[in-house]
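See below for the structure under consideration.
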Number of protein chains: 2
Amino acid sequence: MSKSLAKASPPTSGDATERILAAAEKLFAESGFDAVSMNAVAELAGVSKANIFHHFSSKNALYLAAMRNACRRSTPLMDNLEGTSGTFVERLHHFARAHLAHLLENEQTSRLIQREVIENDPQRCQELAEQVFGDNFARLVAIMRSGQQRGELRADVDAGMVATLLIAANMFFFQSREVSRHLPDVTHLSDDPAAYSKLLVDILMHGILPPKQS
Amino acid sequence: MSKSLAKASPPTSGDATERILAAAEKLFAESGFDAVSMNAVAELAGVSKANIFHHFSSKNALYLAAMRNACRRSTPLMDNLEGTSGTFVERLHHFARAHLAHLLENEQTSRLIQREVIENDPQRCQELAEQVFGDNFARLVAIMRSGQQRGELRADVDAGMVATLLIAANMFFFQSREVSRHLPDVTHLSDDPAAYSKLLVDILMHGILPPKQS
DNA sequence: GTCTATATAATGATAGAC
DNA sequence: GTCTATCATTATATAGAC
């Protein structure tokens, strides 16, 4: 029995550190930093409170570790966009749908990041921008610019603004679902992300003005 | 000296109940429900903690009262939109600018509502939708529809989706300013809401596809 | 209506046995 | 690494004088 084989029977699933991180991510995402007690994390993770403090120096350290963990897992979203084939419209539509689906499938992480964004702490927001969103957003903008160079997209629109609008629409869908459900004019969309993406891309592509008739 | 004139010397400004509500709104907006202690509210309002419990039965009751107060104050935003003259494009541009300015000027209320939205409590979200957003959103959609009937706007776009997109873009600007500041491709916008609105309306109106060349 | 003083519970964090 | 037991602090909420 070599010493490296000794730890083959985890108490519940994964080692304690992972279970603590998973519990913390879930609870922080659901309720926010202040509403979550170390007691609650310990209970959900199936360890003692003191054990958490053995692995993480403070509640804040645990929160940051859970955040980094979630962000790291959330990064490779964009990887399929650049490889996608088809017209520019099709590729953008594909991205819009994939991005929204990603937000909804990883609801926990999305909420965690969203909470962090609205907290508005300058340093934390800078870290988020540079370490989490930066690359993906830049790649989305680059795709817009390449579309412009190829003439598939108006040359005089602001590429950053187009990307922003797309992300904004999806974030809004994600975070306002529960409210939209009770607004008569958009009820039909709040449960149908695919339909939402279709309408979004349609407007984004063609605008809302009537076609010229002269 | 009639009895109705007796209370003409407020301790700081407004009566205690108002000062408590103002303090609560500010602190809840800044930090969220759980991060705010009744002690902090009492200190900012210049009253004793016990006095707050005399006016409000619990911390939660205080929070709800502050929310309702803030929402009530935030309602009459839309009132100038319908009266505005000019082309449909001009009116929509005017609304986009006014709405974003409103969010930024009433940052406290905007944040308070935003926190409530992401909390996602079904009942609270329904109340928000029906009592706060409902009317204004419906009026915005109605304006879109009337624009469609007059031929100033494509008849086959979803009016609710256009309205959603407009609100989404503005909400996103408001809540992501601090992050956008560190995204290279949109830095130029995060401090210039007017420029943001202009780009937004341009894209919304004309779309991003190049004009037909045949 | 407003205060001081207090009750009671829960919080984040630590000590020290195993 | 994990636990039980405990610390000091702070929280919401109440009692009762004025």
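Among the heavy atoms of the strands lying under 4.0 Å from Val36(B) are primed sugar atoms or P, OP1, OP2 only; no base atom is included. Among the atoms of the strands shown, base atoms are found under 4.0 Å from some heavy atom of Ser48(A).
A salt bridge is defined here as a Lys NZ or Arg NE, NH1 or NH2 lying under 4.0 Å from an Asp or Glu carboxylate O, and Asp185(A) with Arg139(B) fails to meet this definition. For the pair Arg115(B) and Glu119(A), the salt-bridge criterion is met [side-chain N within less than 4.0 Å of a carboxylate O]. A salt bridge links Glu178(B) with Arg181(B): the distance from a Lys NZ or Arg NE/NH1/NH2 to an Asp or Glu carboxylate oxygen falls below 4.0 Å.
Taking side-chain N and O atoms only, Asn51(B) has a distance below 4.0 Å to OP1 or OP2 of dC3(C). Neither OP1 nor OP2 of dC3(C) sits under 4.0 Å from any side-chain N or O of His54(B).
At whole-Å resolution of the value, NZ in Lys49(A) and P in dA10(C) are 11 Å apart. In this structure, Phe53(B) places its CZ atom 16 Å from P of dT2(C), rounding to the nearest Å. Here dT11(C) presents its P atom at 6 Å from CG of Asn39(A), a figure rounded to the nearest Å. The distance between atom CD1 of Ile20(B) and atom P of dA13(D), rounded to the nearest whole Å, is 14 Å. What separates CE of Met38(B) from P of dT14(D) is a distance of 10 Å, to the nearest Å. Residue His55(B) contributes atom NE2, which lies 16 Å from atom C1' of dT14(D) at whole-angstrom precision. The separation between Lys59(A) atom NZ and dT9(D) atom P is 19 Å, rounded to whole Å. Rounded to an integer number of Å, the gap from CG of Asp34(B) to P of dA10(C) is 15 Å.
Of the candidate nucleotides dT12(D), dA13(C), dC3(C), dC3(C) has the atom nearest to the side chain of Val47(B). For Ser37(B), the side-chain atoms get nearest to dA11(D) when compared with the rest of dA11(D), dA13(C), dG1(C). The side chain of Ala50(B) approaches dA5(C) more closely than any other nucleotide in the set dG1(C), dA5(C), dG12(C).
In this structure, Phe28(A) and Tyr63(A) have perpendicular ring planes: the angle between them is above 60°, well past the 30° mark.
A distance-only check finds a donor-acceptor pair linking the side chain of Arg177(A) to the backbone of Phe174(A) [under 3.5 Å].
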